[in-house]
Student: 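Below is the structure I would like to discuss, written out as structure tokens.
Residue numbering restarts at 1 for every chain, and letters A, B, ... go by the order of the sequence lines.
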2 protein chains.
Amino acid sequence: MATSSEENYLKAIWKLTPDSEAVSTNALAEILAMRPASVTDMLKKLAAKKLIGYKPYQGVKLTASGRKKALEIVRKHRLWEVFLRDKLGFGWDEVHDIAEQLEHIESESLTDRLDHFLGFPKVDPHGDPIPDKDGKILSDTGILLAHGTVKTPYVVVGVVEHSPVFLRYLDSYGIGLGTLLAIDNIEAYDLSVKITINKKKSVLFSHEVARNLLVTEQ
Amino acid sequence: MATSSEENYLKAIWKLTPDSEAVSTNALAEILAMRPASVTDMLKKLAAKKLIGYKPYQGVKLTASGRKKALEIVRKHRLWEVFLRDKLGFGWDEVHDIAEQLEHIESESLTDRLDHFLGFPKVDPHGDPIPDKDGKILSDTGILLAHGTVKTPYVVVGVVEHSPVFLRYLDSYGIGLGTLLAIDNIEAYDLSVKITINKKKSVLFSHEVARNLLVTEQ
DNA sequence: ATTAAAATTTAGACTAGCCTAAAAAATAAT
DNA sequence: ATTATTTTTTAGGCTAGTCTAAATTTTAAT
Ligand SMILES: [Mn+2]
Ligand SMILES: [Mn+2]
Ligand SMILES: [Mn+2]
Ligand SMILES: [Mn+2]
């Protein structure tokens, strides 16, 4: 029904406003790595298909059916990421690019059988929640480690930044989903943080790292 | 590198002449369900990329690199078919259409990990051999049941016709890869065959069915 | 050897999806 | 309230991949 390109636009709009606020043409062009003029063209097509609400110069919003479609793509993307890691042994830094292709495979039964095969996972390898068959999706849990308090025991539940280079950096410290972290202290000067990983080694992270890690207490 | 469309053309050429004979424009148009004029256009593009040898009015042949590329697609297609049946539980009548999409996913490591995950299968759900990483592929085994002799014990190793309707017809008789068949007799009038399935029930098949079943002795 | 038929290519057109450059509208600054 | 800046849209252009209709070439039939 929808082309890969259309699906990428819908997903991008959803990512920018999971709660269906208005999104600007430039913001879309930015994350799609495309020119604003191209975005305007596509927005007209999506509007003609009633997948978005679009008034010139006013930004766009997903319609109910557009949001449903976007969540289908997100669901497929995240399920495939789980498959790639759990079944094929890819690292969390490798799964995204391949899932970008796999998310466009069209077959409802494929998606549902995959979900079943994977044991109905709740989150993907980056801790992001996986929408269910009906498009229901849990809200992201966790706070930024950068907003955490000293001495509180935390567990990593997700990442904000998804770039392979960041993920591999975390790998190099043995940090992944489920890793226990505690803040030893926060340096007032540059907000860098001293962290104890898994109750063992203590290391220093920049604020940049701390505000890209999602954690929950306990 | 190659587009999905280009890949489909290369695969179609390979299917028409696995041994790299010349293929006609019309034959390609036929199996690609496209117009000859469109095929001519694409042949020029493939020739420019040195994937085929093309002389106007003379038909086309795959070059070594074109054949390699074609076999990569066939490898991916057949591996995904195995995945869909073995891991997700799809029937052999359902896997082809989904594999038509999955075969275009680009990632060498994905293909190789999938192969490993599946236990390096030798044949796909229809009995067709799966090319290895280097493009080596076994020649099809088996003879047509229609060419078989009475009373010889045969085992089904493949199908010629791949249509879901034919495959489901076989399902309805409990016939799949590995099923034991014996020809009780061949009717001289219309070449219909009386067959014993798995040494149990005996049924009558048209010649049409018999020449779409591949079997080997014993 | 001509002529007829079939196969193939060429010519011209269309859509999707992108682009650049210019125009228009909205927003921010004076 | 103008003017300047930023955002967005319009206009026109390009490529890939398809199509129809017409021309050309090859093959088959007389
Ligand atoms: Mn991802
Ligand atoms: Mn993810
Ligand atoms: Mn197939
Ligand atoms: Mn097959």
Side-chain angles (χ1 to χ4, degrees), chain A residues 1-17 21-62 66 69-70 73 97 100-101 103-106, chain B residues 1-17 21-62 65-66 69-70 73 100-101 103-106:
Chain A
M1 204 84 287
T3 65
S4 287
S5 193
E6 289 171 344
E7 292 182 342
N8 286 336
Y9 276 84
L10 294 175
K11 192 176 52 145
I13 296 169
W14 179 80
K15 271 191 199 162
L16 284 170
T17 69
E21 320 256 312
V23 163
S24 76
T25 300
N26 272 6
L28 269 172
E30 173 75 28
I31 74 166
L32 288 166
M34 247 173 271
R35 292 327 189 71
S38 308
V39 172
T40 299
D41 282 351
M42 181 60 90
L43 293 182
K44 287 185 207 162
K45 286 176 205 163
L46 293 173
K49 293 189 175 191
K50 314 269 191 198
L51 292 165
I52 61 171
Y54 170 63
K55 291 203 194 96
Y57 298 102
Q58 301 305 136
V60 292
K61 274 182 205 198
L62 292 173
K69 186 74 203 163
I73 307 305
D97 286 354
E100 283 292 301
Q101 298 180 64
E103 71 189 6
H104 302 295
I105 302 294
E106 274 185 66
Chain B
M1 205 83 287
T3 65
S4 287
S5 193
E6 288 173 345
E7 292 182 343
N8 286 336
Y9 276 84
L10 293 174
K11 193 175 52 143
I13 296 169
W14 178 81
K15 271 192 199 160
L16 285 170
T17 68
E21 321 255 312
V23 162
S24 76
T25 300
N26 271 7
L28 270 172
E30 172 75 28
I31 72 165
L32 287 167
M34 246 173 269
R35 294 327 188 90
S38 309
V39 172
T40 299
D41 282 351
M42 181 60 90
L43 293 182
K44 287 185 206 162
K45 286 175 204 163
L46 294 172
K49 293 189 174 191
K50 315 269 191 197
L51 292 165
I52 62 170
Y54 170 62
K55 290 203 194 98
Y57 298 102
Q58 303 303 137
V60 293
K61 275 182 206 198
L62 292 173
S65 73
K69 185 76 203 163
I73 308 305
E100 282 291 303
Q101 299 180 63
E103 72 189 3
H104 301 296
I105 303 293
E106 273 183 66

Student: Under 4.0 Å: is that the gap between some side-chain N or O of Lys45(B) and OP1 or OP2 of dG17(D)?
Tutor: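 Yes, because at least one side-chain N or O of Lys45(B) sits under 4.0 Å from OP1 or OP2 of dG17(D).
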Student: Can you tell which of dG17(C), dG17(D), dT9(C) lies closest to the side chain of Tyr54(B)?
Tutor: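 Per side-chain heavy atoms of Tyr54(B), the pick is dT9(C).
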Student: Look at Glu6(B) together with Lys49(B) and state whether they make a salt bridge at an N to O cut-off of under 4.0 Å.
Tutor: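 Yes, charged N to carboxylate O under 4.0 Å.
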Student: Is any side-chain heavy atom of Tyr9(A) closer than 4.5 Å to one of Leu32(A)?
Tutor: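 Leu32(A) reaches Tyr9(A) side chain to side chain.
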Student: Let's see if you can work this out: which of dT10(D), dG17(C), dT8(D) has an atom nearest to the side-chain heavy atoms of Lys44(A)?
Tutor: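 Selected nucleotide: dT10(D).
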Student: Are Glu30(B) and Asn26(B) close enough that some pair of their side-chain heavy atoms sits under 4.5 Å apart?
Tutor: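 Counting from C-beta outward, Glu30(B) and Asn26(B) never come under 4.5 Å.
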Student: Can you identify which nucleotide, out of dA16(C), dT8(D), dT10(C), has its nearest atom closest to the Tyr57(A) side chain?
Tutor: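 In terms of side-chain proximity for Tyr57(A), the closest of dA16(C), dT8(D), dT10(C) is dT8(D).
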Student: Looking at Tyr9(B), I'd like to know whether one of its side-chain N or O atoms comes within less than 4.0 Å of OP1 or OP2 on dA16(D).
Tutor: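 It does not, given that no N or O in the side chain of Tyr9(B) lies less than 4.0 Å from OP1 or OP2 of dA16(D).
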Student: Using a cut-off of 4.0 Å on non-hydrogen atoms, how would the nucleic acid contact of Ser5(B) be classed: base, sugar-phosphate, or nothing?
Tutor: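 Sugar-phosphate: the residue Ser5(B), judged by heavy atoms under 4.0 Å, touches backbone atoms but no base.
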Student: Which atom names give the shortest non-hydrogen contact between Ile52(B) and Leu43(B), and what distance separates them?
Tutor: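 Here Ile52(B) and Leu43(B) meet closest at CD1-O, 3.3 Å.
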Student: Measure from CG on Leu43(B) to P on dA16(D) and round the result to the nearest Å.
Tutor: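 Spelled out: CG on Leu43(B) to P on dA16(D) is 16 Å.
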Student: Closest to the Ser24(A) side chain: dT8(D), dA21(D), dG17(C)?
Tutor: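 Selected nucleotide (nearest to the side chain): dT8(D).
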Student: Closest approach to the side chain of Ala37(A), judged atom by atom: which nucleotide of dT20(C), dA26(C), dG17(C) is it?
Tutor: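 The closest nucleotide is dT20(C).
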Student: Have a look at Ser38(A) and say if it touches a base, only the backbone sugar-phosphate, or nothing, with a 4.0 Å heavy-atom cut-off.
Tutor: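 Base, at least one base atom sits under 4.0 Å.
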Student: Under 4.0 Å between any heavy atoms, over every strand shown, what does Pro36(A) touch: base, sugar-phosphate, or nothing? Just pick one.
Tutor: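 Base, at least one base heavy atom under 4.0 Å.
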Student: How long is the line joining CD of Glu30(A) and P of dT8(D), in whole Å?
Tutor: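 For the pair Glu30(A) CD and dT8(D) P, the rounded distance is 12 Å.
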Student: Among dT9(D), dC19(D), dA16(D), which is the nearest nucleotide to the side chain of Met34(B)?
Tutor: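 In terms of side-chain proximity for Met34(B), the closest of dT9(D), dC19(D), dA16(D) is dC19(D).
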Student: NA contact type, Thr25(A), heavy-atom cut-off 4.0 Å: base, sugar-phosphate, or nothing?
Tutor: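 Sugar-phosphate only.
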Student: Choose from dC19(D), dT8(C), dT8(D) the nucleotide whose nearest atom is closest to any side-chain atom of Asn26(B).
Tutor: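 Nearest listed nucleotide: dT8(C).
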